[in-house]
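Below is one structure, written out as C-alpha cells; comments come after it.
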Amino acid sequence: MARACLQCTLLCDDSAAERCSLCGGELAKPFARSLSSSAYIDLDEDSQPGGEPAKPAPQPATKPAQSCPACTVICGASQSRCDTCGSSLLEPPRKRPKTEQEKEPKEPKEPKEPKPKEPKEPKAGISSFFKKARAPSEDPPLPPPAEPPPEANDLATPCESFKPQGCWANAGAVPYRHLAAALDALEATRSRLSKEIILTNAFRVMLAMSAPAGEVEASCYLFAPAKDAQAGGHRLRPDWAEGKPLSLPHKSITAALLEATGSSKADMTRLYHELHDSGEVALALRERGGRQKLLKAPAPLTAGGVRKALLALSELSGSGVERAKTGRLAALLRAAQGTELKWMVRTFLPHMAVGISLEASVLPALGAAVEWQRTGRPRAEKVRSSQDEVRHCYALRPDVQALVTALLEGGFEAMRESCTLQLGVPMQPMLAKACSSIPELQKRIRGALPEKAVTLAAEFKYDGQRAQIHVLRNGDVRIFSRKLDDMTYKYPDVISALKRSFRRQAGCVLDAEIVAVVPKTAEGAESEKVDIAAFQSLATRKRKNVTANNAAVAVKLFLFDLLFLEEPLIGLPFVQRRQKLRENFQALEDVVAFAEVEDLEADCQPEVLEVKRLDSGYEPSTKRSDCWLKLKKDYLESLGDSLDLIPIGGWRGSGRKSRWISPWLVATYDPDEGTLGSVCRVMSGFSDKFYKENTIKYLGREIRKGPEAEKVEEKEEDVEGDKSASEEPVEEDLEEEVLEPESSGLLLKRPAPGVDTAEQPPFWFQPTEVWEIRGADITISPKHMAAKGLVDPKKGLSLRFPRFMRKREDKGLHQATTPTQLAELFRKQGQHR
DNA sequence: GTTGTATAGTACC
DNA sequence: GTCTGACCCATTCGG
DNA sequence: CCGAATGGGTCAGACGGTACTATACAAC
C-alpha cells in the first residue's frame with residue numbers, strides 16, 4: 001500500500017520503507033485521513049476500494065498535519081516547531097540569523113532555506129488574489145493553528161491528493177491536484193525564495209514520478225496561465241504558434257461556476273461581499289449550493305487533461321461561443337476536487353494573475369528540479385546557473401514543449417542543443433534599459449569595462465512597432481511582434497518590400513521597427529516622398545485581412561539588426577552584424593531604410609535614442625540589457641512635456657491600492673471660460689504614502705468599509721444581470737458616508753462646474769490644487785476633452801504615458817496649464833517630427 | 001434574416 | 001508603455 | 001569584528017492612451 005512522504009508529497013510504494021526514497025522525509029501512514037470528510041467535498045465519492053479512510057491518522061483528526069510556514073516542509077500536528085528549519089508552526093516565523101542557513105540539514109532539501117519573514121502588513125503577497133483576499137481584514141497568523149480552512153492543508157495530506165490508482169499511478173500523469181497543492185502552499189507564504197522552493201519541489205515530484213514531458217509542459221502553462229501582467233489573457237501554448245488565442249471571457253467563467261455548482265446569482269453576490277475572492281467564492285458555492293450529486297464521479301483531473309480541454313475550448317468560435325464555452329467550463333469545474341476548483345477559477349479569470357510568471361519563475365524552477373534530480377543535492381550556485389541556463393534557452397527558443405522535452409529526455413546538454421534560434425520561431429527580442437541622463441548612460445555603458453574605450457552607436461529611436469522578421473529558406477516571411485505574436489498577416493506590404501530589399505536567397509532573421517508614414521507635405525528636392533507619422537496613425541491600421549492594396553496606412557520599415565543569415569549571428573558584435581545587414585539588404589525609397597545611426601565617442605547629447613555598444617552580442621532576453629540603453633527625451637528633467645494639471649476626479653484602486661484613489665483624473669483649466677477639460681487618468685508616480693494622504697484629503701479617510709471593489713469583483717457582480725440589485729455601486733454608499741462631517745468637503749456629488757470629459761469616475765472633486773504631470777507626447781483623444789475645439793471640433797487632447805511628478809504648491813488654479821498652451825505643445829511636437 | 005450599436009477583450013506603445 | 005514596493009544579495013558603514 | 005544600513009537587480013502588480021475585432025443584443 002502506498003504511503004506519501006510528508007515532506008515532498010512523493011508516494012512511496014514500498015510499504016516496508018521507513019523514509020521517503022526521494023527526500024528521506026517521514027512517511028505518512030497508509031491512506032491516513034487527517035481531515036474530517038467534510039473538508040473534501042467530492043473526494044469520498046470517488047474513493048477507490050483501496051483507499052479506505054483508515055482510522056490511523058498521523059495526527060488527531062482535529063489537528064491535521066501542518067505545513068511549515070517558513071520552509072513548507074510538512075510537520076506533524078503535535079509539533080510546535082518545524083524540525084527542518086526550526087520555525088514555529090503556531091506563530092508566524094521569526095527572522096533567524098543568516099548563518100543558520102548553512103547548517104547541515106538532516107534531510108536533503110533546497111539548497112537554501114527560505115529566510116522566514118517577519119510577518120508584515122499583508123502587502124506584497126505572492127499573488128494579487130491573495131492580497132485581495134486578505135487586504136480588507138486583519139491578517140491572521142499563518143498557518144492557523146486550529147481549524148484551518150480545509151484547503152490550507154492540502155499539501156499536508158498528500159496521501160489523499162495522490163492516490164496511486166487515481167492519478168500518479170496513471171502512467172505518470174500529473175494530477176491537477178498536485179498543482180493545486182503547490183499553489184495552496186504558495187498562498188501560505190510570501191517570500192520569493194519560498195516560491196522558488198515550492199515550484200522546484202513540485203517539479204521534483206513530477207520528475208520522481210516520471211511524469212511524461214507533455215504533462216510537465218502542461219503543468220508549466222497551468223502554473224502561470226497569464227500571458228502578461230498588463231493584458232491578462234491566457235497562454236497555453238507559445239504566443240507565436242498557430243491557432244486562436246485562448247479567450248476565456250469573464251462572463252463564461254462566472255456563468256460556468258453557477259452552472260457547475262447549481263447556485264444562484266444572489267448567492268454569488270453575497271459571497272463576494274463576504275469573501276472578496278473569486279476562488280474562495282467558488283469553494284463556498286460548491287459547499288453550500290453544490291450538493292449536486294453526479295451520477296458518476298468525474299475522473300481526477302490531470303494537468304495534461306485540463307490543458308487539452310482548455311485548448312479545445314479555444315478553438316470554438318462564431319455565434320453562441322460564450323454559451324458553448326460556459327458549458328465546457330462548467331464540466332471542468334464540476335470535475336474539480338478540493339482546492340482545484342479555487343485555482344481553476346483564479347487562474348482562468350482574466351487579470352487574476354497568480355503571481356508567477358512562466359519565464360521568470362516556473363521554467364527556472366523546472367531547471368532547478370532537473371539539477372536536483374541529476375546531482376541529488378546541488379550547490380546553490382549550480383542551481384542558479386541551471387536556472388539561468390533554462391531562462392536563456394527559453395529566450396532563444398520560447399517553446400515550452402521543445403524545452404521540456406529536451407530537458408527531460410536529455411538533460412541540460414540536450415536542452416542547449418535543441419534550444420537555439422530557429423527560423424520561423426521568434427526569440428525574445430533584446431531590450432534596452434531606460435536611462436534618464438547622460439551621466440547615467442555613461443556610467444552604465446562603461447560599468448563593465450571601465451578603462452576600455454567603448455564605441456557606441458546612437459540610433460534614432462523610431463516610434464512604431466517592433467518587428468522580428470524571419471525569412472525562411474523557402475522564401476516565406478514571418479513577422480513577429482515584441483511580445484512574440486505572429487503579425488505576418490498585418491503587414492503584407494512590408495513583406496513584399498523586404499523581399500525586394502534582400503539581395504540574396506537565404507534564411508535570415510532581422511530586427512526592425514515598422515513606422516507609419518504619410519506623403520510629404522512640403523515638396524522638396526529629396527528623393528523620399530514620405531514623412532514619418534505619429535504612432536497614433538500606425539495604430540489605426542487594420543489588424544486582420546490586410547492586403548497590400550487595402551493597407552490604408554502606409555508603412556516604412558527601418559532595419560537595425562541582423563540576427564541570422566544562414567547561421568546564427570547573435571554571438572557577433574553589433575558592428576559586424578550591422579555591416580552584414582547593410583551588405584545584404586538595400587534601402588528602398590519610401591519603404592525600407594536602415595535605422596539612422598551615428599557612432600559616437602560616448603559623450604554627445606542627441607535627442608531621442610537607442611544607444612548600443614558596438615562590441616556587444618545580441619542578448620535575447622525578457623530582462624533589459626546594459627548594452628542597449630534608451631534615452632528618451634521625456635526621461636530627462638529638462639525636456640519632455642510637463643503639464644500642470646488639476647485633479648478633478650478619481651476611481652477606487654484595486655488589489656494593493658484598494659484603499660486608495662487610483663487612478664486620478666486630471667484636467668486643464670481655462671480661466672477665461674472657467675472650464676476644466678480632462679487630460680488623462682494618472683496612476684503612476686505616486687508613492688503609497690501619497691495615496692494614503694491624498695485619499696484622506698479628498699475623501700475624508702481611506703477606503704476600507706464595505707466590500708472591497710476589486711475590478712474582477714465588480715465584473716462578477718455585473719454578470720449577476722440582476723440590474724436593480726447590482727446597480728448599487730459600492731461607491732455610492734461610500735460617497736454618502738464620506739459626505740458626512742468627517743469629509744473634507746472636497747468630494748462632490750457631480751462634476752465640478754465647467755468640467756468637460758467623457759469619463760465618469762465614481763468620485764468627483766472640488767478643483768483646488770495643481771499637480772505636475774509628465775508624459776511622452778500629446779495625442780488626440782476621443783474621451784479627454786482638454787483643448788476641445790482648438791485642434792479638433794469634437795475631440796480633445798490627452799497625454800501618452802502620464803505620470804505624476806510632484807505637487808505644485810506654488811501654483812494656484814490660475815497657473816495651471818491652459819487649453820491653449822496644451823494645443824500649442826501639441827502643434828509643436830507635430831512640427832518636430 | 002439583416003443591419004447597426006454597445007461592449008469586452010486584446011493588441012500596440 | 002510608466003511607475004512603486006517587496007524581496008534578495010552583496011558591499012559598505014559604524015559602533 | 002559583526003550587525004545594520006545601503007544600493008542595485010529582479011519580480012510582480014497596479015494601471016496610462018488609442019484603436020481594432022469579435023461577439024451579444026436591439027432594431028429594422
Side-chain angles (χ1 to χ4, degrees), chain A residues 97-99 112 114-115 117 120-121 123-128 131-132 190-196 226-234 244-245 247-251 317-323 350-351 353-357 359-361 384 433-434 444 447 463-466 481-483 485 487 490 514 534-545 622-624 626 632 634-635 651 653-658 660 662-664 679-691 711 715 718 773-784 797-805:
Chain A
K98 193 178 171 188
T99 47
K112 292 198 183 170
K115 226 181 297 173
K117 292 285 140 345
K120 293 190 203 140
E121 264 290 287
K123 278 193 200 154
I126 206 70
S127 60
S128 63
K131 283 175 289 189
K132 286 170 188 170
R190 18 186 125 111
S191 104
R192 209 155 89 194
L193 211 44
S194 304
K195 174 169 67 180
E196 187 186 314
K227 174 165 178 170
D228 74 60
Q230 26 177 319
H234 302 87
K244 290 164 61 85
S247 166
L248 292 178
H250 201 278
K251 276 181 167 176
S317 70
S319 147
V321 264
E322 294 204 358
R323 202 162 322 147
H351 295 104
V354 291
I356 316 171
S357 100
E359 43 274 279
S361 297
R384 289 270 162 266
K433 201 172 278 181
R444 281 197 182 282
D463 188 13
Q465 182 171 14
R466 183 91 178 252
S481 74
R482 182 165 112 56
K483 294 269 171 59
D485 275 322
M487 51 175 191
K490 192 176 163 186
I514 295 173
F535 175 77
Q536 202 170 6
S537 97
L538 180 67
T540 63
R541 197 175 158 111
K542 288 225 175 311
R543 295 207 273 255
K544 296 261 169 96
N545 302 319
T622 45
K623 58 183 170 198
R624 295 169 183 278
D626 266 345
K632 288 168 72 176
D634 60 296
Y635 297 160
W651 288 258
S654 63
R656 216 171 62 76
K657 299 184 182 174
S658 61
W660 308 314
S662 176
W664 299 77
V679 172
C680 60
R681 304 179 182 198
V682 199
M683 49 68 58
S684 200
F686 302 112
S687 66
D688 285 10
K689 182 161 163 272
F690 182 96
Y691 277 120
K711 185 184 281 176
K715 286 185 195 158
D718 290 347
I773 310 290
R774 187 175 285 262
D777 36 37
I778 299 164
T779 58
I780 295 180
S781 170
K783 71 179 183 185
H784 294 291
L797 294 177
S798 185
L799 202 56
R800 187 150 76 130
F801 312 142
R803 60 261 194 199
F804 170 83
M805 304 307 287

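For A:S481, the side-chain contact (heavy atoms from CB on, under 4.5 Å) partners two or more places apart in sequence, or in a different chain, are A:Q465, A:K483, A:D485, A:M487. For A:W660, the ring-ring contact (aromatic ring centres under 6.0 Å, His included) partners two or more places apart in sequence, or in a different chain, are A:Y691. Scored by the salt bridge (charged side-chain N to carboxylate O under 4.0 Å, His left out) test, A:K783 finds A:E759 as partners (sequence neighbours excluded). A search for side-chain contact (heavy atoms from CB on, under 4.5 Å) contacts involving A:R624 returns A:L431, A:K433, A:R482, A:K630, not counting sequence neighbours. Applying the side-chain contact (heavy atoms from CB on, under 4.5 Å) test to A:S687 and every residue at least two apart in sequence or in another chain returns A:K689, A:F690. By the side chain to side chain donor-acceptor pair (under 3.5 Å) test, A:R541 is found to be paired with A:D493, residues two or more places apart in sequence or in another chain being considered.
Toward the 5' end of DNA chain C, the nearer of the two residues A:K689 and A:P802, judged by each one's closest nucleotide, is A:P802.
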What nitrogen or oxygen pairs link the protein and nucleotides 18-21 of chain D at under 3.5 Å?
residue, atom, partner, partner atom, Å
D:dT18, OP1, A:I780, O, 3.3
D:dT18, OP1, A:S781, OG, 2.7
D:dT18, OP2, A:S781, OG, 3.3
D:dT18, O3', A:Q536, NE2, 3.1
D:dA19, OP1, A:Q536, NE2, 3.4
D:dC20, OP1, A:T540, O, 2.9
D:dC20, O3', A:R543, N, 3.4
D:dC20, O2, A:R543, NH2, 2.4
D:dT21, OP1, A:R543, N, 2.8
D:dT21, OP1, A:K544, N, 2.8

Can you name the atoms? Protein N/O to nucleotides 9-11 of chain D N/O, anything below 3.5 Å, with the distance.
residue, atom, partner, partner atom, Å
D:dT10, O2, A:R192, NH1, 2.9
D:dC11, OP1, A:R391, NH1, 3.0

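Counting only heavy atoms from C-beta on, A:K483 has its side chain closest to B:dC12 among C:dG1, B:dC12, D:dG16. Distances were taken from every side-chain heavy atom of A:M683 (C-beta onward) to each of C:dC3, D:dA14, B:dC13; the shortest belongs to D:dA14.
Taking CZ from A:R800 and CZ from A:F535, the interatomic distance works out to 6.0 Å, rounded to the nearest 0.5 Å.
Using a 4.0 Å heavy-atom criterion, one finds that A:F804 contacts no nucleic acid atom at all.
At the phosphate of B:dC12, OP1 or OP2 sits under 4.0 Å from a side-chain N or O atom of A:S481.
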